[in-house]
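Structure first, commentary second.
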Amino acid sequence: MKLKGFTYDGVSISVAAAAAAAFIVATVFVNPELALAECIVFIAVAGVVLYRMLTMRGKYKKFILRVSRELDYTDEKVLSNFPFPVAICNEDGYIEWGSERFINEISEGSIDPEEKIEELTGGISPEDLLHGSMVTVQISDRFYTVSANSFRKSGIKYYSIYYFENSTLKKREIEYYLSRPYAILAELDNIDDSRLDYRDSEKTEIRSRLEAMLDEWAESYNSLLKRISDDRYLIVTEQKNFSRMKEDKFLILEKIRNFEYKGNKPYITLSVGVGSGSSIAECEKNSRKAIEMAIGRGGDQVAIKEKDSYEFIGGVSKSAEKRNKVKARVVGSALSELIRNASEVIVMGHSYSDFDALGSALGIAYAARSLGAKAYVAADRKSTLALPLVERIDAEIPDIIIDGEQASELAGKKSLVILTDTHIESFAEFPEIYESASTKVIIDHHRRAVAQIENVIIFHHDPGASSASEMVTELIQYMGQDIVIPKLIAEALMSGIMLDTKNFIIRSGVRTFEAAALLKDCGADTVSVKKLFANSLEVNKLRNEVISSAEKYKDCAISAADFKSDDIRIISAQAADEMLNINDIKASFVLYESGGAVNISARSLGEINVQLIMEALGGGGHQTMAACSLKGGNMADARTRLCSAIDDFYAE
């Protein structure tokens with residue numbers, strides 16, 4: 001009996017009931033007593049029929065389900081004729097039977113009784129497949145969507161596994177994915193300032209050769225290259241080609257870096273920004289953001305922007321020094337205009353301010369005062385690492401350094417807040433003051449971190465500069481002719497430069513010495529500055545203790561400061577600096593506990609990029625000076641994570 005027969009029976013019974021009711025009505029006029037008896041019988045029969053009608057459908061379904069569960073799965077005549085591969089496995093997942101199509105297409109010609117079905121379902125168990133977790137698997141060059149059903153026989157649970165081929169659809173999907181557009185912006189770094197002794201004709205020839213290298217590289221990946229300015233190129237490609245570029249680690253970076261002209265290296269590098277998106281316009285927009293990030297991190301690297309994240313490849317070269325001071329002149333002029341229009345100027349560095357953060361802040365604040373503004377430096381005296389400088393400033397210019405509470409009281413709607421030596425909002429000395437400001441300026445030399453920089457009027461960023469103090473010294477020259485830097489402020493700026501260059505040893509360029517020469521002309525005494533870095537005997541003993549416990553890991557020295565001290569940050573930083581004097585050591589790391597976390601102070605001579613290692617642990621910094629803070633673990637865990645990050649850096 002077919003399911004639709006229930007409807008037919010219902011109509012037939014309804015017609016019969018109507019006829020019986022009409023007969024009873026007719027009987028009433030002939031014999032009322034007989035009509036009453038007929039009515040009673042009719043009601044009884046109708047009740048029984050109605051009950052049977054209501055219960056029959058459910059009983060029928062249960063019968064069909066019971067019969068289907070009792071079917072013998074070894075009935076090959078039925079299952080083998082299915083137009084798709086079918087397999088039966090037991091509740092442990094072992095295959096007990098397979099159709100001919102399953103054997104030929106899925107299990108490579110035979111069924112191994114020791115083989116589990118998970119090996120042919122992408123690791124998905126039959127129970128998960130049963131509850132809707134359909135999966136697509138690839139067998140040889142075919143794609144299948146796998147689903148499952150279950151039944152019981154003799155009290156044992158079995159699974160029927162079905163493979164529905166969808167190779168054509170899946171191949172179209174893969175083809176669509178591999179053809180998604182990618183926009184790549186490539187820029188030659190520092191080509192004009194690489195060697196000043198090249199003639200214009202030679203620079204043109206260098207550009208031509210480098211462009212030929214780029215064109216050849218793009219063509220090898222079936223990509224289109226177009227020059228859009230003197231030193232910038234646009235490359236349009238597809239996902240499949242970009243994947244190959246990424247697998248090859250963008251070898252063009254190394255080729256450009258090692259390029260020689262007439263037996264000499266012009267030290268030109270390449271910055272690359274890669275952007276993806278749903279359209280060419282979105283790809284190009286993301287590639288512009290990516291190349292800004294790559295250049296901001298020092299160049300000679302690839303920045304890949306996909307959705308809301310960045311990935312980086314390269315970054316092994318030192319940041320190229322920009323000898324052109326046009327940007328400094330433009331920024332200095334714009335900054336002086338902002339200062340004149342502000343009601344108050346509040347300058348601050350990063351938290352746990354060092355000599356560079358405090359020195360650069362003092363330089364800007366004093367220049368602002370020279371322009372007639374009410375300018376102050378907001379600093380936390382309890383946590384600063386430049387306390388000797390703070391004490392000297394308090395003695396000679398007592399009203400220029402204020403604390404966070406005073407800064408909050410002074411800050412108003414027309415206040416200008418200037419952040420120096422960091423561009424990460426959360427790293428500011430007083431983040432709440434910086435966030436509340438409507439007019440913001442950032443002056444920083446650290447390589448760009450993956451952080452949003454919003455509502456900033458001026459973002460003066462130069463990863464090629466040795467320090468923020470060097471950048472501020474340059475800016476002061478263009479902020480006004482009447483600005484005269486006194487001896488104390490000149491020494492504050494000099495201390496910042498000396499700190500970040502390790503007394504003019506690391507990252508010192510032509511502009512570094514020009515800034516130092518200007519500060520010397522203003523009266524800065526290097527001996528007086530050197531005294532600012534003097535430590536107590538106890539600090540020196542503890543620093544030597546850290547150095548003596550160092551261990552070598554690959555080309556790095558790793559040590560841990562496992563003691564308590566109010567000067568633990570200074571001790572760790574200085575110990576990391578000193579360990580670079582050890583033979584065959586290219587980078588140093590000192591671990592110490594502070595603020596409920598394990599902190600790492602990292603230093604290098606430039607060959608190893610400690611910024612990349614610290615970024616892998618959630619920190620950041622510069623190529624030769626970086627740090628991070630690891631929460632939720634002990635010193636041993638931090639050391640293990642550090643060694644793993646070093647391994648990853650060497651693997652890259």
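Just the heavy atoms: all of them, side chains too, but no hydrogens, waters or symmetry mates, feed the values below. A quick note: this is a predicted structure, and the numbers were derived from the prediction, not measured.
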Can you name the residues that form a side chain to side chain contact (heavy atoms under 4.5 Å, CB included) with K530, not counting sequence neighbours?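 If we apply the side chain to side chain contact (heavy atoms under 4.5 Å, CB included) test to K530, skipping adjacent residues, the hits are N503.
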
Taking only residues two or more places apart in sequence, or in another chain, which ones meet A602 in a side chain to side chain contact (heavy atoms under 4.5 Å, CB included)?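 By the side chain to side chain contact (heavy atoms under 4.5 Å, CB included) rule, A602 matches F589, V610, M614.
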
Would you say the rings of H446 and H423 are close, in the sense that their centroids are separated by under 6.0 Å?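 No.
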
Rounded to the nearest 0.5 Å, what's the gap from [atom1] on [X] to [atom2] on [Y]? Could you check?
X	Y	atom1	atom2	result
I646	L612	CD1	CG	12.5 Å
C556	R603	SG	CZ	14.0 Å
S271	M293	OG	CE	12.5 Å
I268	L188	CD1	CG	6.5 Å
Y478	L335	OH	CG	14.5 Å
L389	L499	CG	CG	11.0 Å

Does either side chain, that of [X] or that of [Y], offer a donor lying less than 3.5 Å from an acceptor on the other one?
X	Y	answer
S559	S549	yes
D356	S469	yes
E470	T512	yes
N599	S629	yes
D189	T269	yes
S466	S508	no
E615	Q611	yes
D647	Y553	yes

By the side-chain hydrogen bond (donor to acceptor under 3.5 Å, both in side chains) test, which pairs, at least two apart or in different chains, include something from residues 479-494?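 Listed by first then second residue: R392-E491, K487-E491, E491-S528.
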
So does [Y] get a backbone contact from the side chain of [X], meaning a donor-acceptor N/O pair under 3.5 Å?
X	Y	answer
T384	S353	yes
S333	R329	no
S408	G404	yes
Q406	D403	yes
N286	S276	yes
D637	G633	no
S415	G412	yes
Q301	G299	yes
S604	Q623	yes
D567	I570	no

Please report the shortest heavy-atom distance between [X] and [Y], naming the atom on each side.
X	Y	value
N535	N540	O-ND2, 3.7 Å
M579	A550	SD-CB, 3.4 Å
I339	A368	CG2-CB, 3.8 Å
I497	S467	CG1-OG, 3.5 Å
S360	T420	OG-OG1, 3.1 Å

M348/V377 under side chain to side chain contact (heavy atoms under 4.5 Å, CB included): CA gap, chis, key distance, verdict: CA-CA 6 Å; M348 69 179 79; V377 174; over 6 Å; no

Should the pair [X]-[Y] be classified as a salt bridge under the 4.0 Å nitrogen-to-oxygen rule?
X	Y	answer
K502	D577	yes
D394	R381	yes
E292	K305	no
K374	E344	no
R288	E284	yes
K327	E474	no

Measure from NZ or CZ of R569 to the centre of the six-membered ring of Y592 and say whether it is under 6.0 Å with the direction within 45° of the ring axis.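 No cation-pi geometry.
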
Residues, nucleotides or ligands: over 12 heavy atoms within 6.0 Å of [X] [atom1]:
X	atom1	value
K552	NZ	yes
K554	NZ	yes
D566	CG	no

Indicate the ring-plane relationship of F533 and F355, choosing parallel, tilted or perpendicular according to the 30° and 60° boundaries.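 Ring orientation of F533 relative to F355: tilted.
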
Test side chain to side chain contact (heavy atoms under 4.5 Å, CB included) on I402 and E409 and set out the steps. CA-CA 11 Å; I402 59 176; E409 293 175 356; over 6 Å; no

Considering residues at least two apart in sequence or located in another chain, which fulfil the salt bridge (Lys or Arg N to Asp or Glu O under 4.0 Å) criterion with R369?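 Once residues adjacent in sequence are excluded, the partners of R369 under the salt bridge (Lys or Arg N to Asp or Glu O under 4.0 Å) criterion are D399.
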
What ring pair (Phe, Tyr, Trp, His ring centres under 6.0 Å) pairs are there with at least one residue in residues 283-309, not counting sequence neighbours?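 Listed by first then second residue: nothing to list.
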
side-chain hydrogen bond (donor to acceptor under 3.5 Å, both in side chains) with H445: which of D421, D462, T422?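 With H445 as partner, side-chain hydrogen bond (donor to acceptor under 3.5 Å, both in side chains) holds for just one option, D421.
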
Please list all pairs passing the salt bridge (charged side-chain N to carboxylate O under 4.0 Å, His left out) test where one or both residues lie in residues 581-592, with sequence neighbours left out.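 Checked against salt bridge (charged side-chain N to carboxylate O under 4.0 Å, His left out) - neighbours excluded - the pairs reaching residues 581-592 are D555-K586, K586-E607.
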
